[in-house]
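Atoms considered below: every heavy atom in the structure, side chains included; atoms not considered: hydrogens, waters and symmetry mates. The chains referred to below are lettered A, B, ... by the order of the sequence lines, with proteins before strands, and numbering in each begins at 1.
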Protein chains: 2
Amino acid sequence: MNVDLEDFQANRRQVSVASDQSDEIGPRLHHLRKGRGWTLQDASKASGISASAFSKIERGELSPTISTIQRIARGFDMDVVSLLSDPDAQPTLLGRRSVTRASEGKPHLSGNCDNKLLCAELKNKRMTPIKTRVVARDVEEYDVWPKTDAEIFMTILSGTVVVHSKIYEPLELHEGDSMYYDASAEHVWTRKGPEEAVVLWVLTS
Amino acid sequence: MNVDLEDFQANRRQVSVASDQSDEIGPRLHHLRKGRGWTLQDASKASGISASAFSKIERGELSPTISTIQRIARGFDMDVVSLLSDPDAQPTLLGRRSVTRASEGKPHLSGNCDNKLLCAELKNKRMTPIKTRVVARDVEEYDVWPKTDAEIFMTILSGTVVVHSKIYEPLELHEGDSMYYDASAEHVWTRKGPEEAVVLWVLTS
DNA sequence: ACAAAAAATTTCCTATAGTATATTTTTTGT
DNA sequence: ACAAAAAATATACTATAGGAAATTTTTTGT
């Protein structure tokens, strides 16, 4: 496990160095073509794109359509994604207890939300999991906007929630969406749409 | 009308010959937009691409250029590669905040589970949220039983999961159930029953 | 260094991507 | 069930992608 992780990291370092920049296909294509010792006509023959177009694309004089990119990828025998991505990326990470059943949870009313603390009987936890039914429909319904130095992970179990913050634009989240943020800036949640909105969230303690 | 349509299709057929790929961005974009509850005008405003063009792209009537795709990706707060690589499309990060949409998450295969790291591009988090499809049906399928000094909070999004540990009896958890435990004792998960089992879990880092 | 050949770029053209607006279709409220 | 509003699609146009061939630049052999 440790070994794997280190291998991976070493690998990553070396890969990302070799493949330079981010989102300019032109230089990448040029590099790729030259790397294979291909002329523009070779590339043209392989991809079905004219040499002139290829030249323009490489020099950024022309923004290829996705179908052209697909044909080029084909010609280079690679998939579109690896053609466009600098192959670094890919993050890593890869193992007393308390159970709360679906219908349970310690109720904890607060302001405009109906909270249930999960696994509350376990003390000295490093995280606090909470399930909340968001009631407020408008930010006006909040008197205070909470603010702590904790970090929050939240995921939407049902409905639509809008996250409001002093430093970001309002952000709409739907069922299955997740968000991670630090709560040092004031923030509140409102719900939206017909269904009830339920959020499962965990905060560091 | 019929004439136009046929004209168009004939036209397109000849153009797309080699290109029309298994990877269609159209439906993907449509799904993405709908997933956020956006109208075409919302998408247009966010990306700077006209609603009509967006509509055509979604329906495959038009092959967008890479620069258009880049603008769309921007509007959706994701990078181009994720937008094109679909099921594991990857999200948004603006400062100390990170969003993972329902269909997204960085894939990370490990042993007997199919993991998706949520909000992975945010570094130095105090918690690591992960969504896992539990594949193993029997503890025999595990070679090693992981063990760390982290704490784990888990909740069952669907299916039935059995938690095995060296120090407790196996414990069955169903959809909506939650559990908090420290992972200093070896433990593994197996699934049970016909449905696929999906666990959302968070570990301290 | 020069001519010939090969590769890259430019030109000029056609096909299609993308825009603004009109129209149709779907949703919403009564 | 209907009218009004909102969303999606079609139309007509402009801007630009992409192709064939001409031109320029670079390479190669002598």
Side-chain angles (χ1 to χ4, degrees), chain A residues 24-76 80 83-84 137 160 172 192-195, chain B residues 1-21 24-76 80 83-84:
Chain A
E24 279 299 341
I25 14 159
R28 181 168 310 140
L29 268 181
H30 183 79
H31 186 255
L32 228 166
R33 178 171 66 83
K34 286 297 184 184
R36 300 197 184 185
W38 286 8
T39 67
L40 284 171
Q41 359 289 319
D42 292 334
S44 171
K45 203 160 50 174
S47 62
I49 301 300
S50 69
S52 60
F54 212 102
S55 170
K56 290 172 194 164
I57 292 169
E58 283 189 356
R59 286 171 298 125
E61 291 195 4
L62 181 150
S63 172
T65 64
I66 184 64
S67 69
T68 295
I69 292 173
Q70 284 166 339
R71 288 207 274 165
I72 292 174
R74 237 185 134 74
F76 279 78
V80 173
L83 186 65
L84 295 177
R137 286 193 149 277
T160 298
E172 204 171 301
K192 189 177 173 182
E195 308 165 75
Chain B
M1 167 50 151
N2 281 329
V3 175
D4 288 344
L5 181 59
E6 283 174 10
D7 277 352
F8 161 75
Q9 287 178 333
N11 208 0
R12 177 157 173 67
R13 205 168 300 126
Q14 120 193 60
V15 167
S16 50
V17 172
S19 75
D20 91 336
Q21 221 64 329
E24 279 299 343
I25 21 163
R28 181 170 313 143
L29 269 180
H30 183 79
H31 185 256
L32 230 167
R33 179 172 65 81
K34 286 298 185 181
R36 299 198 185 186
W38 286 8
T39 65
L40 284 171
Q41 1 287 319
D42 293 334
S44 171
K45 203 159 54 175
S47 63
I49 301 301
S50 69
S52 59
F54 213 102
S55 170
K56 289 173 195 165
I57 292 169
E58 283 189 356
R59 286 171 297 127
E61 292 197 3
L62 181 151
S63 171
T65 63
I66 185 66
S67 68
T68 295
I69 292 173
Q70 283 165 340
R71 287 207 277 165
I72 292 173
R74 231 186 139 71
F76 278 80
V80 173
L83 187 65
L84 296 176

Exercise. Just do the side chain to side chain contact (heavy atoms under 4.5 Å, CB included) check on A:Ile66 and B:Leu84 with the steps written out, would you?
Key: CA-CA 10 Å; A:Ile66 184 64; B:Leu84 296 176; 4.2 Å; yes

Exercise. Treat a base pair as Watson-Crick or G-U wobble with both distances under 3.5 Å, then lay out DNA chain D in dot-bracket form, 5' to 3', with | for cross-strand pairs.
Key: ||||||||||||||||||||||||||||||

Quiz item: Hey, does the side chain of A:Thr65 come within less than 4.0 Å of C:dA17's phosphate (OP1/OP2), counting only N and O?
Solution: no

Practice problem: Confirm from the modelled atom types if A:Lys56 and D:dT16 form a donor-acceptor pair under 3.5 Å, side chain to base only. | Solution: no

Self-check item: Residues within residues 39-52 of chain B bordering DNA chain D, heavy-atom distance below 4.0 Å
Solution: B:Thr39, B:Leu40, B:Gln41, B:Ser52

Quiz item: If only atom types and distance count, is the side chain of A:Thr68 paired as donor or acceptor with the main-chain N or O of A:Pro64 below 3.5 Å?
Solution: no

Practice problem: Respond yes when some side-chain nitrogen or oxygen of A:Arg59 is under 4.0 Å from OP1 or OP2 of C:dT10, and no when none is. | Solution: yes

Quiz item: Within this structure, what is the NE2-to-P distance between B:His30 and D:dT9, rounded to whole angstrom?
Solution: 8 Å

Quiz item: Can you tell me how far P of C:dA17 sits from CZ of B:Arg71, to the nearest Å?
Solution: 15 Å

Quiz item: Tell me, do A:Ser47 and A:Phe54 make a side-chain contact under 4.5 Å, heavy atoms counted?
Solution: yes

Quiz prompt | A:Ile69 side, atom CD1; A:Ile25 side, atom CD1 - distance, nearest 0.5 Å | solution = 4.5 Å

Exercise. Provide, to the nearest angstrom, the distance between the CG atom belonging to A:Leu62 and the P atom belonging to D:dG19.
Key: 9 Å

Quiz item: In whole angstrom, what separates B:Glu61's CD from C:dG18's P?
Solution: 13 Å

Self-check item: Trace of the side chain to side chain contact (heavy atoms under 4.5 Å, CB included) decision for B:Arg33 with B:Leu40
Solution: CA-CA 8 Å; B:Arg33 179 172 65 81; B:Leu40 284 171; 3.5 Å; yes

Quiz item: Under 3.5 Å, side chain of B:Thr65 to main-chain N/O of A:Ser63, donor-acceptor pair present?
Solution: no

Quiz item: Base, sugar-phosphate alone, or nothing: which one does A:Ala53 contact when heavy atoms must sit under 4.0 Å apart?
Solution: sugar-phosphate

Quiz item: For the atom pair CD (A:Glu58) and CG (A:Leu29), what is the distance rounded to the nearest 0.5 Å?
Solution: 6.0 Å

Quiz item: In whole angstroms, how far is the C1' atom of D:dA17 from the CD1 atom of A:Ile69?
Solution: 12 Å

Self-check item: Atom pair distance, as rounded to whole Å: CD in A:Glu58 and C1' in D:dA17
Solution: 16 Å

Exercise. Over all heavy atoms of both residues, which pair between B:Arg28 and B:Leu83 is shortest? Give the atoms and the distance, please.
Key: CD-O, 3.0 Å

Quiz item: How long is the line joining CD1 of B:Ile66 and P of D:dG18, in whole Å?
Solution: 11 Å

Quiz prompt | Nearest-Å distance for atom pair CD1/P, residues A:Ile57 and D:dG18 | solution = 5 Å

Practice problem: Establish, from distance only, whether the side-chain atoms of A:Arg59 and A:Ser55 form a donor-acceptor pair under 3.5 Å. | Solution: yes

